[in-house]
Amino acid sequence: MGKSIAYFDEPTDFSLVQGGPLFQLLLRTGLVRPSMDLVARRIVVISLVAWLPLLVLTLLSGHAVGGLGVPFLYDIGAHARFLLCVPLLIAAEVTVHRRIKGVVRQFLERGIVTPEYRPQFEGLIASAMRLRNSMLAEVVVLAFALVGGYWFGNKYVETHVPTWYSAPIGDQQQLTAAGYWYFCVSLTIGRLLWIRWYFRLFIWCRFLWQVSRQIPLNLNALHPDRAAGLGFLGGSVFAFAPVLLAHSVVFAGVFGGKIWHEGATLPQFKLEIVAWMIFLLLLVLTPLLFFVTQLANARRTGLREYGIVASGYVAEFRRKWIEGRTAEGESLVGSADIQSLADLSNSFEVVREMRLVPFGKVTVFRLALLIALPLLPLTLTMIPLEQLIDRAVGVIF
């Protein structure tokens with residue numbers, strides 16, 4: 001644990017990925033550096049451990065390209081998991097490490113956490129890092145990967161036709177040699193990566209919850225980001241974009257396999273698709289909802305304070321320009337009072353339009369589009385590509 005903390009440049013450094021027993025193991029094996037370099041090496045080694053033995057074993061058994069309902073090279077779901085999903089989850093570590101650290105520092109750089117509360121803020125960071133480095137927590141994560149994840153994913157792994165990894169015999173599944181590696185090694189690696197990311201997201205949620213509840217934030221309702229200065233948090237959700245994409249890729253692979261090999265249709269999965277899209281949106285947006293109370297208080301305070309200022313100014317403006325108490329010789333044309341009134345109105349409008357969450361509709365739309373992107377090719381199973389092209393050409397021309 002002490003070695004991990006030594007990687008910090010200062011007490012405000014925050015990393016969801018740069019620590020823990022597994023990180024220490026990767027350091028010793030030369031698959032990672034404290035700077036989170038060597039991501040390509042990690043992707044190649046871990047992906048090949050999960051995927052390459054399956055290819056070799058199915059080639060030896062004759063289940064790679066034929067002889068079964070679902071040969072290995074035709075299994076879209078397996079390739080999506082190990083050749084796309086696993087690399088995305090590993091690459092996400094670099095993105096999250098670099099961007100979330102910068103997001104946390106902005107609480108101090110923007111003055112949202114004032115100097116008197118800095119020690120308390122640093123204490124929350126230290127608490128998050130202790131949880132990230134916890135041996136017990138990582139053992140629990142590994143236990144879930146070894147045991148709990150099997151039953152959770154069983155529905156989407158089993159099929160009703162003979163496959164390269166198993167064949168239904170009555171009510172039982174008879175595993176092949178490749179099937180044993182698939183269930184004991186490959187899927188365990190995949191589940192470990194998934195569950196570790198859920199654990200990291202829990203740490204992030206816990207940290208933001210503590211900041212929102214334990215530290216009085218210095219929020220300014222006049223801030224042009226329309227979020228009292230917390231608008232930078234909206235951009236933090238895109239640090240987790242590779243994790244969201246990995247979810248969508250694995251779903252697309254599973255649904256595509258069932259459509260291709262079992263005769264299913266895309267509309268059969270519409271409820272699952274909608275439910276998972278909502279889940280993924282909430283997964284990264286929920287932590288930002290913790291600031292609703294402080295943002296609502298900042299908005300009420302801003303409306304009251306700037307409302308008082310505006311009332312006093314417009315009253316003085318009326319006495320001066322409407323009731324005729326203008327200084328002798330002063331002209332209304334070109335008066336700075338007119339511009340000041342307009343500026344005051346614009347400032348009050350900023351306060352009135354302030355959001356109660358540190359993100360907007362554009363952020364939600366972009367996230368939804370990102371999540372749906374890997375699922376779009378499945379629409380070709382309903383409408384042939386040639387027909388889609390013909391329709392597009394007809395619309396354009």
Side-chain angles (χ1 to χ4, degrees), residues 5-16 18-19 96-133 200-240 284-310 312-313 343-344 346-360 363:
I5 295 176
Y7 297 145
F8 297 160
D9 297 326
E10 55 183 82
T12 54
D13 276 351
F14 184 101
S15 175
L16 291 171
Q18 198 182 37
V96 169
H97 170 69
R98 293 173 179 172
R99 297 190 63 176
I100 296 301
K101 177 186 291 189
V103 167
V104 172
R105 284 180 173 175
Q106 286 192 63
F107 279 101
L108 295 172
E109 293 169 350
R110 293 183 176 219
I112 292 173
V113 173
T114 53
E116 60 264 35
Y117 291 104
R118 177 168 178 149
Q120 187 175 350
F121 183 71
E122 292 178 354
L124 297 182
I125 292 177
S127 175
M129 298 303 94
R130 285 194 298 271
L131 180 58
R132 181 204 63 187
N133 294 336
R200 290 159 174 168
L201 283 164
F202 169 75
I203 295 173
W204 178 237
C205 287
R206 175 179 176 267
F207 171 73
L208 291 184
W209 171 265
Q210 291 176 328
V211 170
S212 68
R213 291 298 181 270
Q214 298 180 22
I215 298 180
L217 302 179
N218 180 32
L219 302 179
N220 188 342
L222 269 180
H223 199 286
D225 67 3
R226 300 299 198 275
L230 288 178
F232 66 93
L233 283 175
S236 69
V237 298
F238 294 103
F240 299 99
V284 294
L285 291 176
T286 295
L288 308 190
L289 301 179
F290 299 155
F291 296 92
V292 167
T293 300
Q294 292 213 38
L295 285 170
N297 290 337
R299 184 175 185 273
R300 283 194 297 269
T301 300
L303 287 173
R304 182 180 66 252
E305 292 177 346
Y306 293 109
I308 293 172
V309 171
Y313 187 88
D343 293 340
L344 182 63
N346 291 335
S347 298
F348 190 79
E349 193 67 17
V350 169
V351 178
R352 193 181 66 82
E353 293 178 354
M354 185 188 134
R355 298 188 301 269
L356 299 183
V357 291
F359 58 88
T363 298

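- Across all non-hydrogen atoms, the minimal contact from K101 to F14 is CB-O, 3.2 Å.
- For R226, the salt bridge (Lys or Arg N to Asp or Glu O under 4.0 Å) test picks out E353, with sequence neighbours left out.
- Contact record, S127 with R206: OG-NH2, 2.9 Å, taken as the closest heavy-atom pair.
- Distance alone, capped at 3.5 Å, is enough to place a donor-acceptor pair between the Q120 side chain and the Q214 backbone.
- Side-chain contact between F238 and V284 is absent, with no heavy-atom pair separated by less than 4.5 Å.
- With rounding to the nearest 0.5 angstrom, the CG atom of N220 is 9.5 Å from the CE atom of M354.
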* To do: Could you go through the side-chain contact (heavy atoms from CB on, under 4.5 Å) check for D225 and L230 one step at a time?
  => CA-CA 8 Å; D225 67 3; L230 288 178; 5.5 Å; no

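- Heavy atoms only, all atoms of each residue included: C205 and F290 are closest at O-CE1, 3.2 Å.
- Within the 3.5 Å criterion, the main-chain N or O of L233 finds a donor-acceptor partner in the side chain of S236.
- Put simply, CD1 on I203 and CG on L131 are 4.5 Å apart, with the number rounded to the nearest 0.5 Å.
- Aromatic ring orientation, F232 versus F107: perpendicular (interplanar angle above 60°, classes split at 30° and 60°).
- Closest approach of A228 and L295 over heavy atoms only: CB-CD2, 3.8 Å.
- Note that the CH2 atom of W204 and the CD1 atom of I100 stand 4.5 Å from one another [nearest 0.5 Å].
- Taking CZ of R110 as the start and CG of L219 as the end, the distance is 11.5 Å to the nearest 0.5 Å.
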* With side-chain contact (heavy atoms from CB on, under 4.5 Å) as the test, would you mind laying out the steps for L285 and V357 before giving the verdict? => CA-CA 10 Å; L285 291 176; V357 291; over 6 Å; no

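- In this structure, CG in L217 is found 4.0 Å from CD in Q294, a value given to the nearest 0.5 Å.
- The main-chain N or O of G19 is never found under 3.5 Å from a side-chain atom of N133 such that the two would form a donor-acceptor pair.
- Around the CZ atom of R213, the shell of radius 6.0 Å holds more than 12 heavy atoms that belong to other residues, nucleotides or ligands.
- A side-chain donor-acceptor contact under 3.5 Å links R132 to the backbone of S15.
- Checking side-chain atoms of R355 against main-chain N and O of F359 turns up a donor-acceptor pair under 3.5 Å.
- Side-chain contact between V104 and F207: present, with at least one pair of heavy atoms (C-beta onward) separated by less than 4.5 Å.
- Atom CZ of R105 sits about 7.0 Å away from atom CD of E109, to the nearest 0.5 Å.
- The shortest heavy-atom contact between L208 and F291 is O-CZ, 3.9 Å.
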